[in-house]
Amino acid sequence: MSYSLPELPYAVDALEPHFDSETMTIHHQRHHQAYVNNLNKAIEGTDAENESLENILRHISQYSPAIRNNGGGHYNHSLFWEILSASPKTAPTGKLAEEIVKVFGGLEQFKEQFNQAGMTQFGSGWAWLFVKYNGTIGVASTANQDNPLMDTNLTNQGYPILGVDVWEHAYYLKYQNKRADYLNAFWSVLDWAAVEKKYEEVISNLG
Ligand code: MN
């Protein structure tokens, strides 16, 4: 099988003024497309062609660096586009909201810890909210295109349900070096309904 670039579920200018259309266009059409193309090249003629991307990432230590970088890139960006919206649900409710209170003390405390993870990730990477294999949630950051699914990531393993791209290509055109401003803007376009949906799916699959 081969992978293809998913359509954005909104127009490229839908997330203005928080995420500008030029950044969205380049990020989706060039960066994400490149991860897709390079992932397809990297798996061609290998056993990875017959594995799901999730399974590949969960056993990424057995695959090449090209599959790690581009498989992670495709997975992470696909998740990122899905959790953004021009008319987002601005706070979680239900089970996820309860879990956030239990683990972090509240939504504001969670956001602070998440922003901190995004700010302190040195160089390129991602900050995550993820569901651990024991069903609780945590915040983590990872370098490059890694994510909590990867078995190379020993301390924070699980299923990512919310992620923010802190590569400079995600924010430099609009925010230059001001990563904190970009992270603040992210909360204005993050759709908690999409995150809740992912949370419910993971929790029900974990049993
Ligand atoms: Mn990116």
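Just so you know, residue 1 is the first one in the sequence shown, and it goes up from there. Given the structure is predicted, the values throughout are model-derived calculations rather than measurements. In each ligand, atom 1 is the first atom listed, and ligand 1 is the first ligand listed.
Judged by distance alone, the side chain of Asp151 and the main-chain N or O of Ile60 form a donor-acceptor pair under 3.5 Å. A donor-acceptor pair under 3.5 Å is absent between the side-chain atoms of Gln157 and the main chain of Tyr133, judged by distance alone. In this structure, Asn55 contributes its side chain and Glu51 its backbone to no donor-acceptor pair below 3.5 Å.
In this structure, OG1 on Thr25 lies 8.0 Å from CG on Leu8, to the nearest 0.5 angstrom.
When distances to the Mn ion (ligand 1) are checked against a cut-off of 2.8 Å, His31 contributes no N, O or S atom below that limit. Backbone or side-chain N, O or S atoms of His169 reach the Mn ion (ligand 1) at under 2.8 Å.
Per residue Asp165, closest N, O or S atom to the Mn ion (ligand 1): atom name OD2.
Of the angles at the Mn ion (ligand 1), the one spanning NE2 of His27 and NE2 of His77 is 90° when given to 10°.
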